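As the structure lists them, so they are numbered: ligands from 1, and atoms in each ligand from 1. No experiment lies behind these values; they were computed from the predicted model shown.
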Amino acid sequence: MNSTDKKPVSSEELKKKRDKFLIPGIKHLYSNPPHFVKGKGQFLYDEKGKEYLDMFAGIVTVSVGHCHPKVTEATINQLKTLQHTSTIFMTQPMVDLAEKLAEITPGNLSKSYITNSGTEANEGAIVMARVASGRHEVIALEHSYHGQSHLATTLTGNHNYRQPVTPAAGIFFAANAYCYRCPFKKTPSNCNLECAQDIERVIQTQTSGKPAVMIAEPIQGVGGTITPPDEYFGQVKKILDKYGVLFIADEVQTGFGRTGKHMFGISNWGVEPDFITMAKGLGNGLPIGAYITTENIAQAGQKAVINTFGGNPVSSATGLAVIETIQEEKLMENAKVIGDYFVEGLKDLAKTFPIMADIRGKGLMLGVEIAASEKTPMPDETARIVEIAKDNGVVLGKGGVYGNVIRIKPALNINKENVDACLKVMRKALETVVPVGVK
Ligand SMILES: Cc1ncc(COP(=O)(O)O)c(C=O)c1O
């Protein structure tokens with residue numbers, strides 16, 4: 001009997017074993033987690049064969065659906081041919097993927113470094129920005145998430161994901177563009193993009209005046225789908241250019257068509273960054289990450305970088321197949337159409353449930369902030385909605401600094417029927433948590 005022939009254990013048994021052998025920091029989304037054993041398209045299956053509509057796609061990662069035939073075939077073919085050499089040997093899949101990334105990214109981005117994760121992509125981009133600029137300081141945004149290494153957790157403006165250890169040096173935070181909870185108490189009618197201007201204040205008052213780089217997610221993912229106004233990144237870029245600061249768009253969640261109109265989220269704001277970092281959706285579940293930068297910046301980094309698994313043939317061949325699938329199946333266009341349909345349905349639901357206080361996002365990167373009157377966050381209710389939805393066969397995500405944002409980020413090939421099924425279950429969960437008529 002090989003390992004794949006093993007009968008899966010029950011979720012109860014697995015939970016006990018988990019508690020014995022995994023560190024407690026590995027937390028699951030649910031207090032009563034199912035044991036998933038199979039995925040197909042937009043569906044997951046537990047060990048008893050129960051089907052779940054997956055609206056979170058393995059944390060915004062399964063971009064073309066679970067076990068997509070074309071992608072799986074590319075992975076298996078490569079696995080059978082050549083699995084590994086490391087970056088010190090020349091192989092074609094890594095180079096082909098880098099060529100494709102240069103083709104689909106905006107502006108003059110053309111030189112890639114392929115890694116195993118988003119964290120590593122961000123680490124690499126920050127180091128390269130520091131080397132190329134000869135400067136050290138970095139600006140990040142409050143409510144951000146950039147990964148789990150020492151540097152990446154320091155770049156993360158969310159206490160939930162920062163360990164109580166001495167942070168990395170030289171990182172400074174500006175306010176984020178959180179319109180629903182504007183840090184400057186503004187409303188759209190009197191907004192002067194104070195959040196963008198805050199970057200200049202941080203440069204002037206917290207740094208040497210010459211930071212190396214700023215890193216930002218076009219839409220903050222883990223932070224709760226926080227979506228800046230249309231003029232935000234244009235204004236930010238002007239300030240960065242004034243001080244000679246490079247810009248990294250962390251597209252680990254927003255990349256590869258997820259936001260609907262563009263391959264990369266930052267293009268929604270008409271801005272060309274100096275780096276794009278990516279991961280998650282590029283591999284559809286296989287470990288991969290990358291940064292891409294300009295020829296000019298890349299030339300500053302002549303010192304050797306080795307990455308044992310980075311750009312390995314299997315992940316690279318898979319990444320290439322994922323991008324081709326997104327293009328061939330017009331999944332970016334689908335994300336726009338289905339995302340708009342989803343937003344309409346959510347807004348309709350919010351008429352009955354005012355605790356759905358803010359509905360935001362672009363394409364299939366959506367968030368619903370759950371709050372009582374006075375915008376009081378409702379994290380317990382949010383957790384219950386997500387748990388009840390799971391019990392009724394729908395997987396939703398959860399996030400936000402206050403733990404009160406439902407995150408909807410499914411595979412890009414879901415359809416209207418899936419949306420209707422999700423909304424029906426959300427209605428049921430909301431009715432259970434907040435009986436109709438109660439505010
Ligand atoms: C925006 C963003 N950047 C970076 C990361 C880190 O990526 P990884 O978990 O692949 O290291 C994440 C992960 O959630 C992310 O959402």
Side-chain angles (χ1 to χ4, degrees), residues 25-29 56-63 113-127 129 138-158 160-163 168 171 173 176-178 213-228 233 247-256 258-259 264-266 268 273 275-292 307 309-312 315-316 318-319 322 361-367 397-401 403 405 407-410:
I26 301 285
K27 308 245 183 258
H28 293 125
L29 182 59
F56 202 36
I59 324 188
V60 208
T61 295
V62 182
S63 49
Y113 172 57
I114 300 172
T115 66
N116 304 289
S117 67
T119 297
E120 252 191 286
N122 283 336
E123 286 266 346
I126 296 277
V127 170
V138 181
I139 298 172
L141 292 179
E142 292 170 352
H143 297 252
S144 59
Y145 183 87
H146 296 293
Q148 284 288 293
S149 64
H150 187 229
L151 174 60
T153 47
T154 307
L155 295 168
T156 292
N158 181 340
N160 296 307
Y161 299 103
R162 289 179 66 137
Q163 301 293 336
I171 317 283
F173 285 90
N176 65 337
Y178 195 172
V213 64
M214 170 171 167
I215 182 165
E217 300 153 83
I219 297 176
Q220 292 182 321
V222 175
T225 321
I226 298 174
T227 311
F233 279 110
F247 177 47
I248 300 170
D250 178 342
E251 300 259 10
V252 168
Q253 293 206 14
T254 47
F256 302 101
R258 176 153 298 278
T259 63
F264 289 91
I266 196 66
N268 290 293
F275 292 80
I276 285 180
T277 56
M278 56 196 95
K280 289 188 180 284
L282 172 58
N284 207 48
L286 244 72
I288 193 164
Y291 75 68
I292 187 163
N307 195 321
F309 301 121
N312 74 78
S315 292
S316 298
T318 304
V322 169
K362 288 185 190 294
L364 283 172
M365 174 132 182
L366 301 175
K398 187 165 74 71
V401 169
V405 182
R407 294 164 64 200
I408 300 172
K409 300 163 184 188

Original post:
Within less than 4.0 angstrom of ligand 1, does Gln148 place any heavy atom?
Top reply: no
Original post:
What closest approach, in Å, do Pro228 and Ala177 show between heavy atoms, and which atom pair accounts for it?
Top reply: CB-CB, 3.6 Å
Subject >> Option of least heavy-atom distance to atom 4 (C) of ligand 1 (set: Glu123, His146, Lys280) >> reply: His146
Subject >> Closest contact, heavy atoms only, Thr154 versus Ala168 >> reply: OG1-N, 2.9 Å
Original post:
Picking from Thr156, Asp250, Thr153, what satisfies side chain to side chain donor-acceptor pair (under 3.5 Å) with His146?
Top reply: Asp250
Original post:
Can you name the residues that form a ring pair (Phe, Tyr, Trp, His ring centres under 6.0 Å) with Phe275, not counting sequence neighbours?
Top reply: Tyr291
Original post:
Any idea which atoms of ligand 1 are less than 4.0 Å away from a heavy-atom of Ser117?
Top reply: 10 (O), 11 (O)
Subject >> Atoms of ligand 1 close to Asn122 [distance to a heavy atom under 4.0 angstrom, numbered from 1] >> reply: 3 (N), 4 (C)
**OP:** Tell me which protein heavy atom sits closest to atom 16 (O) of ligand 1, plus the residue, atom name and distance to 0.1 Å.
**Re:** Gln253 NE2, 2.9 Å
Subject >> Heavy-atom pair of closest approach, residues Val138 and Ile126 >> reply: CG1-CD1, 3.9 Å
**OP:** Please write down residue, atom name and distance for the protein heavy atom closest to atom 8 (P) of ligand 1.
**Re:** Gly118 N, 3.5 Å
**OP:** Pull out every atom of ligand 1 sitting under 4.0 Å from any heavy atom of Glu217, numbered as shown with elements.
**Re:** 1 (C)
Original post:
Counting from 1, what ligand 1 atoms have a heavy atom of Asp250 closer than 4.0 Å?
Top reply: 1 (C), 2 (C), 3 (N), 4 (C)
Subject >> Options Ile219, Thr119, Leu282, Thr156, ranked by nearest heavy atom to atom 6 (C) of ligand 1, top entry >> reply: Thr119
**OP:** Working to the nearest 0.5 Å, report the span between CD1 of Ile248 and CE of Met214.
**Re:** 10.5 Å
**OP:** Counting heavy atoms only, name the option from Asn116, Thr115, Val252 that's nearest to atom 5 (C) of ligand 1.
**Re:** Val252
**OP:** Just do the side-chain contact (heavy atoms from CB on, under 4.5 Å) check on Met278 and Val252 with the steps written out, would you?
**Re:** CA-CA 4 Å; Met278 56 196 95; Val252 168; 5.5 Å; no
